[in-house]
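Worksheet: one structure, shown below.
Treat the numbers as computed from the prediction; the structure is a model and nothing was measured.
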Amino acid sequence: MENKSTRRSGQVLLVWGLLVAAANLRASLTGVGPLLDQVQADLGLTPAVLGLLNTLPLLAFAALSPMVPRLAARWGSERLLGGALVVLTLGIAVRWTPSTVGLFAGTMLIGAGIAVGNVLLPSLIKRDFPTKVGLLTSAYATVMGGVAAVASGVAVPISEVAPGGWYTALGCWILTALVAVLLWLPQMRTAPPASRAVRGPHQLPWRSGLAWAVTAFMGLQSLGFYVVVTWLPQVFQDNGISAASAGWLLFLFQAVAVLTSLAVPGALRWAGDQRALATICSAIMLLGYLGLLVAPSLAVLWSIVLGLGGGACLVLALAFLGMRAQDAAGAGALSAMAQSIGYLLAAVGPVVFGLLHTVSSGWQAPLAFMCVAAAGQTVVSLVAGRGTVRSAEVREPDRALSVPESAPSPEH
């Protein structure tokens, strides 16, 4: 009885650790967009250089994600995630220093820490909670999105009242990062032996068409999210909305996305597969971009529509990493592939969006580009929403090191 109680307490602590870690995977990025004008005025940066603040983390995601499965196999997933949270905390501290070098160096460290967390959380959930992938994925996506929404909403108000202005508005998130480190320490001390670590195929499933569909879905929904958090406030401001109000509209987008993500687990349990759900949610994103294109004055409505589609698409993209994999090792490999290529695509999005705005001197061409991206996401959702990436499409895993595959699939 005591062992059962201890095991249950350990699982509760693990869930809390995963959720608080997830709370740090976006907040330090989404608070940047509303502050770009202040950063530019204070440091004298050109728009092109300023755009790197949101592009550099995405490039870090793309570069580091393929390395995470091998690093996890060597050091253990718990220790690697703990180290990533420390790097993230250090990055926020470095970015708090009042200099251009500190701003960009801290941003790179933040991107490195988040890259590791992005890959490891789906594989840890698949390993330790194989029958609750959809539920826990929705929970961590909700926490991640909720804290990110708060970060974008309070960025300007904090910068206006706090000593240090925008430096403090970006640096205050070190508190949540420190809490995550402290909550994860017990997992590092009690990490499982190598035989239970998330190990297996180090090669990524490049030969799987399903893996490519999941990757495309992840990349296109990420592209949409980072374009929105980078440029949506500016689109609204150019249509006569104040900077503070534009920041709160970005908060509205993310708040609606959080509420929508809460409904996804029920839909996942009800649906035989996720094709219809993913297609509908992608089509809602397309509707939001079309709305901004033809009636940009209806800012509140399109913020809500984009939030409805975006929140569900994020949870689906993350859930696909576990649901389309055979086991935890496969989830790690699929996660690394999808997030590497996906975030590389996402990094291109804000740059292309801004370039189209510069070339066309308006928002019609950039928004038309987003309509095309959303239409592509709608198409690939028909493939990404069903099936399993087989181990034969990677390389045969080492049975002595792989996670047992006896646990039931969350799809059935």
Worksheet item: Can you say whether the rings of Y343 and F61 are parallel (under 30°), tilted (30 to 60°) or perpendicular (over 60°)?
Response: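 Plane angle over 60°, so perpendicular.
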Rounded to the nearest 0.5 Å, how far does [atom2] of [Y] lie from [atom1] of [X]?
{"X": "T131", "Y": "F129", "atom1": "OG1", "atom2": "CZ", "answer": "9.5 Å"}
{"X": "I280", "Y": "Q274", "atom1": "CD1", "atom2": "CD", "answer": "12.5 Å"}
{"X": "M370", "Y": "Q377", "atom1": "CE", "atom2": "CD", "answer": "9.0 Å"}
{"X": "L314", "Y": "C281", "atom1": "CG", "atom2": "SG", "answer": "11.5 Å"}
{"X": "I92", "Y": "L170", "atom1": "CD1", "atom2": "CG", "answer": "9.5 Å"}
{"X": "L249", "Y": "S242", "atom1": "CG", "atom2": "OG", "answer": "8.5 Å"}

Worksheet entry | Verdict with supporting geometry, M337 and T215, side-chain contact (heavy atoms from CB on, under 4.5 Å) | CA-CA 7 Å; M337 174 180 169; T215 297; 3.7 Å; yes
With no hydrogens and no angle check, is any side-chain donor or acceptor of [X] less than 3.5 Å from a backbone partner on [Y]?
{"X": "S261", "Y": "V258", "answer": "yes"}
{"X": "W302", "Y": "G291", "answer": "yes"}
{"X": "W231", "Y": "F353", "answer": "no"}
{"X": "S340", "Y": "A62", "answer": "yes"}
{"X": "R95", "Y": "S28", "answer": "yes"}
{"X": "K126", "Y": "A331", "answer": "no"}
{"X": "S245", "Y": "I241", "answer": "no"}
{"X": "S208", "Y": "P205", "answer": "no"}
{"X": "T260", "Y": "A312", "answer": "no"}
{"X": "W173", "Y": "A151", "answer": "no"}

Worksheet item: Considering residues at least two apart in sequence or located in another chain, which fulfil the side chain to side chain donor-acceptor pair (under 3.5 Å) criterion with S381?
Response: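 For S381, the residues satisfying side chain to side chain donor-acceptor pair (under 3.5 Å) (neighbours in sequence not counted) are T279.
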Can you find a heavy atom in the side chain of [X] that is under 4.5 Å from one in the side chain of [Y]?
{"X": "L306", "Y": "L292", "value": "yes"}
{"X": "Q187", "Y": "L13", "value": "yes"}
{"X": "L120", "Y": "L80", "value": "yes"}
{"X": "S335", "Y": "N118", "value": "no"}
{"X": "T137", "Y": "P122", "value": "no"}
{"X": "I341", "Y": "W206", "value": "yes"}
{"X": "V383", "Y": "W212", "value": "no"}
{"X": "L121", "Y": "L81", "value": "yes"}

Item to complete: Show the numbers, then the answer: is there a side-chain contact (heavy atoms from CB on, under 4.5 Å) between C371 and L286?
Response: CA-CA 6 Å; C371 290; L286 175 58; 3.8 Å; yes
Please report the shortest heavy-atom distance between [X] and [Y], naming the atom on each side.
{"X": "M285", "Y": "G309", "result": "SD-C, 3.4 Å"}
{"X": "A373", "Y": "L223", "result": "CB-CD2, 4.3 Å"}
{"X": "L25", "Y": "I114", "result": "O-CG2, 3.4 Å"}
{"X": "L321", "Y": "A325", "result": "O-CB, 3.6 Å"}
{"X": "Y289", "Y": "G224", "result": "OH-CA, 3.4 Å"}
{"X": "V116", "Y": "V68", "result": "CA-CG2, 4.0 Å"}

Worksheet item: Any cation-pi pair here, R26 with F225, using under 6.0 Å and within 45°?
Response: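 That pair qualifies as a cation-pi contact.
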Discussion item. For L183, run the side-chain contact (heavy atoms from CB on, under 4.5 Å) check against V20, L178, L14 and tell me which one passes.
Written reply: V20
Worksheet entry | Member of V156, I158, V32, D42 meeting the side-chain contact (heavy atoms from CB on, under 4.5 Å) criterion with W166 | D42
Discussion item. Under a plain distance cut-off of 3.5 Å, with no hydrogens placed, do S159 and Q38 share a side-chain donor-acceptor pair?
Written reply: yes
Worksheet item: Going by atom types only, do S65 and Q339 share a side-chain donor-acceptor pair under 3.5 Å?
Response: no
Item to complete: Would you check if the distance from the ring center of F217 to the ring center of F320 is below 6.0 Å?
Response: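 Yes, they do, as the ring centres are separated by less than 6.0 Å.
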Worksheet entry | Qualifying side chain to side chain donor-acceptor pair (under 3.5 Å) pairs, either residue in residues 346-366, two or more places apart | D238-W363
Worksheet item: Can you list the steps and then say if L252 with I304 is a side-chain contact (heavy atoms from CB on, under 4.5 Å)?
Response: CA-CA 7 Å; L252 176 63; I304 292 172; 4.0 Å; yes
Discussion item. Checking L185 against E78 for the side-chain contact (heavy atoms from CB on, under 4.5 Å) test, could you report, in this order, the C-alpha distance in whole Å, the side-chain angles of both residues, the deciding distance, and whether it holds?
Written reply: CA-CA 9 Å; L185 285 176; E78 287 81 1; over 6 Å; no
